[in-house]
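Remarks on the structure that follows.
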Number of protein chains: 2
Amino acid sequence: MNSPIAKFQGIAAHNSIFEQAVRQLPLPVCSVFESSTQPTAIQFKDTAQTLGTKDSAKVAESFPNTVKASGNKVLEGVGANPKVAQGKRVAVLFSGGPASGGHNVVCGIKRVLGNGNTLFGVKPGPKGLLKGNLFEITDADVNNIINTGGFDFLGTDRTKIKTPEQFAQVKETCIKHNLDAIVVIGGDDSNTNAAVLAEYLYTGIKPDGSGVQVIGVPKTIDGDLQIGDLLPISFGFDTATKIYAEMVGNILQDTRSSLKYWHFIKLMGRSASHVTLEVGLQTQPAITLISEEIAEKKQSLSSIANDIAQAVVKRAAKGIHHGVVVIPEGVVEFIPEMGALIAELNDVLAQQAAAFEKLEKAERPAFVAELLSADSAALFTSLPGYIVDMLLAERDSHGNLQVSLIPTEQLLIDMTKRALKAMDAKVPFATMNHFFGYEGRCGAPTLFDAAYTYNLGLTAGSLILDGRTGYMATITALTSGGVPKAIPLPGLLNIERRHGHDEFVIEKALVKTGAPAMQYFVAHRATWSEDDCFASPGPRQIWGPTALQQPITVALNSGADSLAFKIG
Amino acid sequence: MNSPIAKFQGIAAHNSIFEQAVRQLPLPVCSVFESSTQPTAIQFKDTAQTLGTKDSAKVAESFPNTVKASGNKVLEGVGANPKVAQGKRVAVLFSGGPASGGHNVVCGIKRVLGNGNTLFGVKPGPKGLLKGNLFEITDADVNNIINTGGFDFLGTDRTKIKTPEQFAQVKETCIKHNLDAIVVIGGDDSNTNAAVLAEYLYTGIKPDGSGVQVIGVPKTIDGDLQIGDLLPISFGFDTATKIYAEMVGNILQDTRSSLKYWHFIKLMGRSASHVTLEVGLQTQPAITLISEEIAEKKQSLSSIANDIAQAVVKRAAKGIHHGVVVIPEGVVEFIPEMGALIAELNDVLAQQAAAFEKLEKAERPAFVAELLSADSAALFTSLPGYIVDMLLAERDSHGNLQVSLIPTEQLLIDMTKRALKAMDAKVPFATMNHFFGYEGRCGAPTLFDAAYTYNLGLTAGSLILDGRTGYMATITALTSGGVPKAIPLPGLLNIERRHGHDEFVIEKALVKTGAPAMQYFVAHRATWSEDDCFASPGPRQIWGPTALQQPITVALNSGADSLAFKIG
C-alpha cells in the first residue's frame with residue numbers, strides 16, 4: 001500500500017501509547033515484601049487487636065471454624081515466610097461493580113505465588129465460580145494487565161452465593177479443579193460472601209478431607225468499606241474520585257469562563273456520600289450535598305432546594321450567575337420525607353397491584369395519593385410529573401423502587417426554580433445537569449490505587465501461602481511505608497433483617513458527620529458557596545511531581561497534615 | 001485550634017497541587033523566538049502563498065485596506081525584529097465557547113510585548129470591548145494563569161459586532177483606552193469578526209488619524225477551523241478530544257468488565273464530526289458515526305439504526321452483549337430526511353403559529369403532519385413521542401429548532417431497539433446514554449495545546465509589534481520545531497446568504513470523507529465493530545513518557561508516521 005495511511009503507526013487493540021507505558025511502570029512494595037528478585041511471601045502473626053460487633057456471639061455460633069481459628073484477631077505481616085507452601089492451586093475472581101486496581105491485585109497474587117504454585121482466573125465473577133469456568137493465569141497475562149484499569153481480564157458479575165445448590169456447585173468446582181484457595185475481590189456484600197464461603201469450605205471439601213481457604217480483598221469505588229486505621233479506604237475510590245474531581249473541576253472552570261450556567265452534577269455512590277464529599281473537598285464548588293447530614297438534620301426536599309436558592313441569590317448579588325452543585329446519587333433515600341414516601345409507595349403498590357394496573361396512567365397518581373399518609377400525600381402531589389411517573393414505575397424483583405433511576409439532579413433544579421419563584425428572586429438561573437458514574441469505575445488506576453492494590457495482592461497471596469482462611473487483606477500505614485495486615489471477616493459481621501429473615505452483613509460505612517473530613521468541609525463551605533473559590537485538580541498524573549496523592553477524606557480522617565502517601 | 005483538621009494543609013482557591021505544579025512547567029518555543037532571556041519578537045515577510053475563495057473579488061471591494069496591505073499573502077516569521085515598536089497599547093479578548101490553552105495565548109502575547117508595551121484584558125469577550133471594560137494585565141497575572149485551563153481569567157461571550165452602533169462603541173473604546181491593537185481569540189465567526197474589525201479600524205480611528213491593528217487567534221474545540229498545512233488544527237481540540245477519549249476509553253473498559261451494557265455516547269461538536277472521528281480513532285469502539293459520511297451516503301435514520309442493530313447481532317453471535325456507539329452532536333441535521341423535516345417544520349410553525357398555538361398539545365402533531373410533504377410526514381409520525389415534542393418545541397430567536405437539545409443518543413437507542421425487533425433478533429440489548437461536552441472545554445491543556453497556544457501568543461504579539469493587521473496567527477510544521485506564520489483573514493472569507501442578506505463568513509471545515517484520517521477509519525472499522533478491539537488512551541499526562549502526542553486525525557491528514565509533535 002502506498003497511501004498516506006500506510007506508513008502511520010496505528011494503535012493496536014488494548015495497546016494505546018499510555019497502556020504500553022504504564023505496563024513498564026515499577027511499583028513500590030511494603031518493606032516486608034522486599035527481596036532482591038521478586039516479592040517475598042510473608043508470614044503473619046496475631047496482633048492484640050480483636051474485632052467484633054453487637055452480634056459477635058451469634059456470629060460465633062454460625063461461623064464456628066473460622067472464628068475459632070482466628071479468635072477474631074487481626075493479623076500482621078511480620079517478615080519473610082520461612083516455610084512457604086508449594087503446589088497450591090488458587091483461584092481469583094472479581095465480584096460486583098468494577099473498580100480501578102483490580103488487575104494489580106491479580107498481578108500481586110500471581111507474583112507472590114511464584115512458579116511453585118498455580119493461579120487460576122474465574123470468568124466472570126461468582127457466576128464463573130458456580131460454573132467452574134477457570135483458566136490458568138500466566139506471567140505474560142500479568143505483564144499485559146498490570147497497571148491497566150477495569151476488571152476486563154476476568155469480567156465480573158453480581159451473583160450472590162447463598163442457596164445450598166450454589167454451595168454445592170462451588171464445592172464441585174473446588175474438587176474438579178483441585179483448588180486449595182479462592183480469592184474474592186469485592187465490596188461489602190462480596191466480602192460477606194467470602195466470610196460465608198470460608199466457613200463452608202473450612203474442612204471436609206476435598207477427597208482427603210481438607211478444606212479450601214478463602215481470602216477477601218476490599219474493593220469499592222463508593223468508599224463504604226472502611227474500618228478506621230485498619231482499612232482507611234477500599235481500592236478504586238481514589239481513582240474514581242480523581243476522575244470525577246477532574247471533570248467537576250473542568251466544569252467549574254467552564255462556569256467562570258462562559259459565565260452562564262449552574263451545573264447540577266450527580267455522582268455515583270449508591271448509599272454513602274464518601275465520593276461526593278471527596279470530590280467536594282478536591283474541587284470546592286458552591287454547594288456539596290451530603291446525604292448523611294441531610295438525614296441527620298431531617299431536611300425536607302424543599303428546605304434543600306431553599307438552601308440552594310439562597311446561595312444562587314447571594315452569588316447573584318455579587319454578579320456571579322453561575323455555580324456548581326454536587327449531589328450524591330443516593331440522596332433521595334436519605335431525605336426523611338422522601339424515604340417515608342418511597343416506603344409507603346412500595347407497600348401501597350404491592351397491596352393494590354391489581355387495582356392499580358387496571359387504571360389509566362393519568363388516573364394512577366390520584367388513586368395512590370388517596371392511600372398515602374397525609375404528609376406523604378402532600379409531598380407526592382407536590383412533585384414534578386416526571387418524578388411522580390418514576391415513583392409509580394415498575395419495582396425491582398424485591399418490590400423496591402429503583403432509586404438510582406430517579407433524575408435527582410433534574411428534580412433539584414426544578415425544586416430550586418420553584419424556591420426562587422417563591423422568594424420572588426429575579427436572578428438568572430440557567431442550568432445544565434450531569435451524571436458522572438460509569439466513566440469512573442474502570443479508568444487507569446492512580447499511583448495510589450496501583451501501588452495499594454499490588455500490595456493487597458501480595459498480602460492476599462501471602463495469606464494463602466501462610467495457610468490462612470476467612471480474612472480480608474489490607475495495607476495499613478499508607479503514609480509511612482505500608483504494613484500488610486489481615487482482618488478476620490467474621491469479626492465484621494452484623495445481623496440484619498432482610499426480605500423477612502436474618503442475614504449476616506458487613507455494614508456499609510457511612511460518612512460520619514463528626515469526622516475530621518466533614519468538620520473541614522463544614523468549616524469551609526460558606527466561603528466556597530459565596531464566591532468562586534474552587535480548585536481544579538487536573539487529570540491524574542502517573543509521572544511527575546503531582547503523582548503521589550491520597551484521598552483528602554482519608555488524609556483528614558487519619559490526621560495527616562498533607563496528601564502525601566508512601567508505600568515502600 | 002487544636003482539632004485534627006487544624007494541621008491539614010488545605011487547598012487554596014485555584015491552587016490545587018496540580019495547578020501549582022503546571023505553573024512551573026517550562027514551555028518550548030519555536031527556534032525563531034529563542035533568546036537568552038525572554039522570547040524575542042520576530043519580524044514577518046511575505047511568502048509566495050496567496051489565499052482566496054470564490055468570492056475574493058467581492059471581498060476585495062468590501063475590505064479594500066486590509067486586502068491591499070496584505071495582497072492576501074501568507075506571512076512567515078523570519079527572525080528577530082530589529083526595530084520592535086515600543087509603547088504599544090494592546091487589548092486581548094476571548095470570543096465564543098471556551099477552549100483549553102486560551103490563557104497561554106494571553107501569556108505569550110504579554111511575554112513578547114515585554115515591559116516596553118502594555119497589555120490589557122477585556123472582560124468578558126466582545127461585550128466587554130463594546131463596554132470598554134479593560135484592565136492592565138501584569139506579569140504576576142501571567143505567572144498565575146499559565147498552563148491552566150479555561151477562559152476564566154477574562155471570561156467570554158458570544159456577542160457579534162455587526163451594527164453601526166456596535167462599531168462606534170468599539171471605536172470609542174479604542175479612543176478612550178488609546179489602543180493600538182486588539183487580539184481576538186476565537187473560532188470561525190470570531191475571526192470573521194476580527195477581519196471586519198481590522199478593516200473598519202484600519203485608519204482614521206484615533207485623534208492623530210491612525211488606525212488600530214486587529215489580529216485573530218484560531219480557537220475551537222470543534223476543530224472546524226482548519227486550513228491544510230497552514231492551520232493543521234485550532235487550539236483546544238487536542239485537549240477536548242483527549243478528555244473525551246479518556247472517558248470513552250474508561251467506558252469501553254467498563255463494558256468488557258461488567259459485560260452488561262451498550263453505551264451510546266454523544267460528543268460535543270455542533271456541526272463537523274472532527275471531535276467524534278478523533279475520539280473514535282483514539283478509542284476504537286464498535287461504532288463511530290460520522291455526520292459528513294451519513295450526509296454523503298444520504299442515509300436515513302432507520303438505515304443508521306439498522307447498521308447499529310446489525311453490529312449488535314453480529315457481536316451477540318460471538319457472545320459479546322456490550323459495546324459503545326459514539327455519536328457526533330450535530331448528526332441529526334446531516335441525515336438528509338431529518339434535515340428536510342426540520343426545515344419544513346421551521347416553515348410550517350412560522351406560517352401557522354397562531355393556529356398552532358390555539359391547539360391542545362395532544363392535537364398538534366396531527367395538525368402539523370397534515371401540512372408536511374408525504375416523506376416528511378411519514379418520518380415525523382414514525383418518531384418517538386419525546387422527539388416529536390422536541391421538534392414542536394419553541395424555536396430560537398431566528399425561528400430555528402435548537403438541534404443541540406435533541407437527545408440524539410436516546411433516539412438512536414430507541415430506533416435500534418425498533419430495528420432489532422423488526423429483525424426479530426433475540427439478543428440482550430441493555431443500554432446507557434451519555435453526553436460529553438462541557439467537561440472538555442476547560443480542562444488543563446495538554447502539552448500540545450499548552451505549547452501551541454503559547455507560541456500562538458508569541459506570534460500574535462510579534463505581528464502587532466511588526467505593525468500588521470487583518471491576520472490570524474498560526475504555527476506550522478508542528479512536528480519539526482514549529483514555524484510561526486500569519487494568515488490574511490480576508491483571504492478566508494466567503495459570502496453566504498444568512499437571514500435574508502449576504503454575510504461574509506469563514507466556512508467551517510467539515511470532515512473530508514476522502515482524507516487520510518477517514519480512510520484509516522474506514523479501513524479499520526469493521527474489525528473494531530466485530531470484536532473488542534478498543535484502546536484506552538488513559539488520562540492525558542503532562543510529565544512522563546506519554547506527554548507529547550498530537551491528535552491522530554492531524555497526524556494522519558498531514559502524512560506523519562506517528563503521533564509525535566515537536567515545538568522548539
Side-chain angles (χ1 to χ4, degrees), chain A residues 3-5 7-9 11 13-19 21-22 97-98 124 148-152 155-156 246-247 250-251 253-254 256-259 263 284 432 438-439 441-444 516 519-520 523 533-546 549 555-556 559 561-563, chain B residues 3-5 7-9 11 13-19 21-22 97-98 124 148-152 155-156 246-247 250-251 253-254 256-259 263 284 432 438-439 441-444 516 519-520 523 533-546 549 555-556 559 561-563:
Chain A
S3 87
I5 69 171
K7 66 173 178 172
F8 181 70
Q9 300 162 14
I11 293 168
H14 317 300
N15 213 22
S16 69
I17 294 174
F18 179 84
E19 286 168 303
V22 289
T148 63
F151 276 6
D152 54 298
T156 182
E246 192 214 337
M247 297 301 116
N250 291 356
I251 286 176
Q253 203 92 17
D254 198 297
R256 205 159 87 127
S257 300
S258 47
L259 308 167
H263 290 259
Q284 311 180 167
M432 290 276 169
Y438 293 91
E439 47 278 77
R441 310 195 306 176
C442 289
Q519 283 178 40
Y520 183 86
C533 295
F534 63 82
S536 186
R540 61 205 190 284
Q541 298 295 301
I542 308 299
W543 298 272
T546 68
Q549 294 179 48
L556 276 161
D561 57 358
S562 78
L563 298 183
Chain B
S3 87
I5 68 171
K7 67 172 176 171
F8 180 72
Q9 300 162 13
I11 293 170
H14 317 301
N15 214 22
S16 69
I17 293 174
F18 179 84
E19 286 168 303
V22 289
T148 63
F151 277 6
D152 54 297
T156 182
E246 192 213 337
M247 297 301 117
N250 291 355
I251 286 177
Q253 204 94 16
D254 198 297
R256 205 160 86 128
S257 299
S258 47
L259 309 168
H263 291 258
Q284 311 180 169
M432 291 277 169
Y438 294 90
E439 47 278 77
R441 309 196 306 176
C442 290
Q519 285 179 37
Y520 183 85
C533 294
F534 63 81
S536 186
R540 62 204 189 286
Q541 298 295 301
I542 308 296
W543 298 272
T546 70
Q549 294 178 48
L556 276 162
D561 57 357
S562 79
L563 298 183

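Chain identifiers are assigned alphabetically (A, B, ...) following the order of the sequence lines, protein sequences preceding nucleic acid strands; residue numbering begins at 1 within each chain. Side chains are part of it too, since the values below use all heavy atoms of this structure and drop only hydrogens, waters and symmetry mates.
Closest approach of S258(A) to T156(B), counting heavy atoms only: CA-CG2, 4.0 Å. Q9(B) and S562(A) make their closest contact through OE1-CB, 3.8 Å (heavy atoms, listed as atom of the first residue, atom of the second, distance). Between P539(A) and F18(B), the closest heavy-atom pair is CD-CZ, 3.7 Å. Residues S536(A) and S16(B) share a closest heavy-atom pair of O-OG, 2.7 Å. What you find for T546(A) and W543(B) is that their closest heavy atoms are OG1-CZ3, 3.9 Å. Residue L259(B) comes nearest to G155(A) through the heavy atom pair CD1-CA, 4.1 Å, listed as atom of the first residue, atom of the second, then distance.
The most heavy-atom pairs under 4.5 Å with chain B, out of T148(A), N15(A), I17(A), come from I17(A). Top candidate by heavy-atom pairs under 4.5 Å with chain B, chosen from A523(A), A21(A), P98(A), is P98(A). With chain B as the partner, the residue from G443(A), A444(A), A555(A), G97(A) showing the most heavy-atom pairs under 4.5 Å is G443(A). Among the candidates R441(A), K7(A), Q541(A), Q549(A), the residue making the largest number of heavy-atom pairs closer than 4.5 Å to chain B is Q541(A). If you tally non-hydrogen atom pairs under 4.5 Å between each of A13(A), G149(A), C442(A) and chain B, the highest count goes to C442(A).
Heavy-atom distances place the side chain of P124(A), and not its backbone, under 4.5 Å from chain B. Both the backbone and the side chain of P516(B) come within contact range of chain A, each with at least one heavy atom under 4.5 Å from a heavy atom of that chain. Proximity to chain A involves both the backbone and the side chain of I542(B), based on heavy atoms less than 4.5 angstrom apart. Proximity to chain B (any heavy atom under 4.5 Å) is shown, for I11(A), by both the backbone and the side chain. For Q284(A), the part sitting under 4.5 Å from any heavy atom of chain B is the side chain, from C-beta outward, and nothing else.
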Could you go step by step and tell me if H14(A) and R256(B) meet the side-chain contact (heavy atoms from CB on, under 4.5 Å) rule?
CA-CA 12 Å; H14(A) 317 300; R256(B) 205 160 86 128; 3.6 Å; yes

May I have the step-by-step check of side-chain hydrogen bond (donor to acceptor under 3.5 Å, both in side chains) for Q253(B) and D152(A), ending in yes or no?
CA-CA 7 Å; Q253(B) 204 94 16; D152(A) 54 298; 2.9 Å; yes

Just do the side-chain contact (heavy atoms from CB on, under 4.5 Å) check on E246(B) and R540(A) with the steps written out, would you?
CA-CA 11 Å; E246(B) 192 213 337; R540(A) 61 205 190 284; 2.7 Å; yes

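Put simply, OH on Y438(B) and CE on M432(A) are 3.0 Å apart, with the number rounded to the nearest 0.5 Å.
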